[in-house]
**Q** 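The structure is given below, and queries will be raised subsequently.
When a ligand or atom number is given, it counts from 1 through the structure's own listing order.
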Amino acid sequence: MIDIACGVDLGGTKINTGIVNSKGEILYNIKIPTEAQKGPYEVIERIIKSIYEVVDKTGVKLKDLSGIGVGSPGPLDAEAGIVLCPPNLTGWVNIPLTEILKKEFGIKIRINNDANAAALAEYLFGKGRGINNFVYITVSTGIGGGVIINGKLYNGANSNAAEIGHHTINFDGPRCGCGNYGCFEAFASGTALAGFAKDVVDSGKDTIIKEIAGNRAIKAEYVFEAAEKGDKIAIELIEKEAFYLGIGIANIMSFYNPERIAVGGGISCHWKVLYDKIMATVNKRALKPNKEICDVVKAQLGENVGLLGAALLVLRESKGVL
Ligand SMILES: [Zn+2]
């Protein structure tokens, strides 16, 4: 029997809501702006409306859904269904999201960290298929991750495991959005790469990155574009990016001893440029048995990985998925 569920991928800028079946197929989805600046209750109203809309458009009845799953930025308490205080959602402090949605819809509600949900999707329907010990990393604005141990999503003691972006790779490094210094995310995220590029441009070094950006703020994307055109400074920046990613990935091999690490998110679109450079650092730094057992690959599922994962928070509990 094929089950269906509603998934909501709640992001700082977009809400992606859809109906997903237990074969991992998205039947219908919509993306709307989060408008996070309006505060939690306005955002929750938008989530509720989006759920009614996908239900209406697909002609599905609420009672036919296995439930509603929400992937939300952390930190959160998945068990209690409470979003604690995500830095990129203004005013969200201890919001009982599960309770609010349960009251509205009267069906099963599950919430989890967005990167954990994405890891579940990649494990079940992407590059993690059949890999019992698997780590998914997303590298874009920030860095997040999710870990599958012995075929199960690892939540940790209070659902904040695998905050991979916030392990320190340089104790003396720049301040991270989380308040700590020198986090993996502060060195290797797309935002970090753009920041390093801005420093270089501001220092007056000879690079076409500024030209590519024009009047726009510098983005990681422009660094890759400049490197492709042979810009030496951009090539150096990308070498540094791959070096930092390599350090983080080598550490992840030590933490979890996975058989595979899949890298998703915006930066992974440049996998061909990055891969050899990342692996040069991994091979130098990771413990031999850990690196021998583990391959590092580009994630397979694209921009809807978070939506798929959110629905799977519910569907994995029904037969046929996990
Ligand atoms: Zn941090």
**Q** Is it true that Glu241 and Lys277 have a side-chain N and a carboxylate O under 4.0 angstrom from each other?
**A** no
**Q** How far apart are the C-alpha atoms of Lys57 and Glu53, what are their side-chain angles, what is the distance that settles it, and do they pass the salt bridge (charged side-chain N to carboxylate O under 4.0 Å, His left out) test?
**A** CA-CA 6 Å; Lys57 284 272 162 62; Glu53 185 174 340; 3.5 Å; yes
**Q** Phe184: which residues meet the ring pair (Phe, Tyr, Trp, His ring centres under 6.0 Å) condition with it, sequence neighbours left out?
**A** His167
**Q** What pairs meet the side chain to side chain donor-acceptor pair (under 3.5 Å) rule with one or both residues in residues 195-218, with sequence neighbours excluded?
**A** Lys198-Asp202, Thr207-Asp231, Arg216-Tyr222
**Q** What protein N/O/S atoms lie closer than 2.8 Å to the Zn ion (ligand 1)?
**A** His166 ND1, Cys176 SG, Cys178 SG, Cys183 SG
**Q** For Lys127, what residues pass the salt bridge (Lys or Arg N to Asp or Glu O under 4.0 Å) criterion, not counting sequence neighbours?
**A** none
**Q** Answer with yes or no after comparing the ring centroid distance for Phe243 and Phe187 against a 6.0 Å cut-off, counting only values under it.
**A** no
